[in-house]
Amino acid sequence: HLLTEVQLPPPPPPTRPTTVGYEDYSFPPGLTPRETDILRLAIAGLDNQQISQRLQTSLRNVEKYILHLQQKVTRYSKESPLNHILKNRD
């Protein structure tokens, strides 16, 4: 995989149980490898410009991927900590 070296931050402390869980960031099923790469970089704290440079793609492509990821993550679990990460970006 392209981004095996990216260190993920620890998940937030549990506030209540969800289907996603808090022991790890559980990604929704059906993500493409590129979506997974972008999600990992977003979790690691990179902004859209940094992600586009890291993956050598346009900023517009990254923005589109982020929008699609928000939709997929929300469909998977509205209470996922990933929702907060994706919606509260610079």
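Computed from a prediction, not measured in an experiment: that's the story for all the values here.
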His68 side, atom NE2; Glu35 side, atom CD - distance, nearest 0.5 Å: 8.0 Å
Side-chain heavy atoms of Leu39 within contact of Leu86, under 4.5 Å: yes
Least distance between heavy atoms, Gly45 atom then Gln50 atom: O-OE1, 4.2 Å
Approximate separation, where rounding is to 0.5 Å, of Ile43 CD1 and Ile38 CD1: 12.0 Å
From CA spacing to verdict: side-chain contact (heavy atoms from CB on, under 4.5 Å), Leu31, Leu69: CA-CA 8 Å; Leu31 294 184; Leu69 283 165; 3.7 Å; yes
Sequence neighbours left out, cut at 3.5 Å: what donor-acceptor pairs do the side chains of residues 55-67 make with other protein atoms?
{"unit_1": "Thr57", "atom_1": "OG1", "unit_2": "Asn61", "atom_2": "ND2", "d": "3.1"}
{"unit_1": "Ser58", "atom_1": "OG", "unit_2": "Asn61", "atom_2": "N", "d": "3.1"}
{"unit_1": "Ser58", "atom_1": "OG", "unit_2": "Asn61", "atom_2": "ND2", "d": "3.4"}

Thr74 side chain to Gln71 backbone, donor-acceptor under 3.5 Å: no
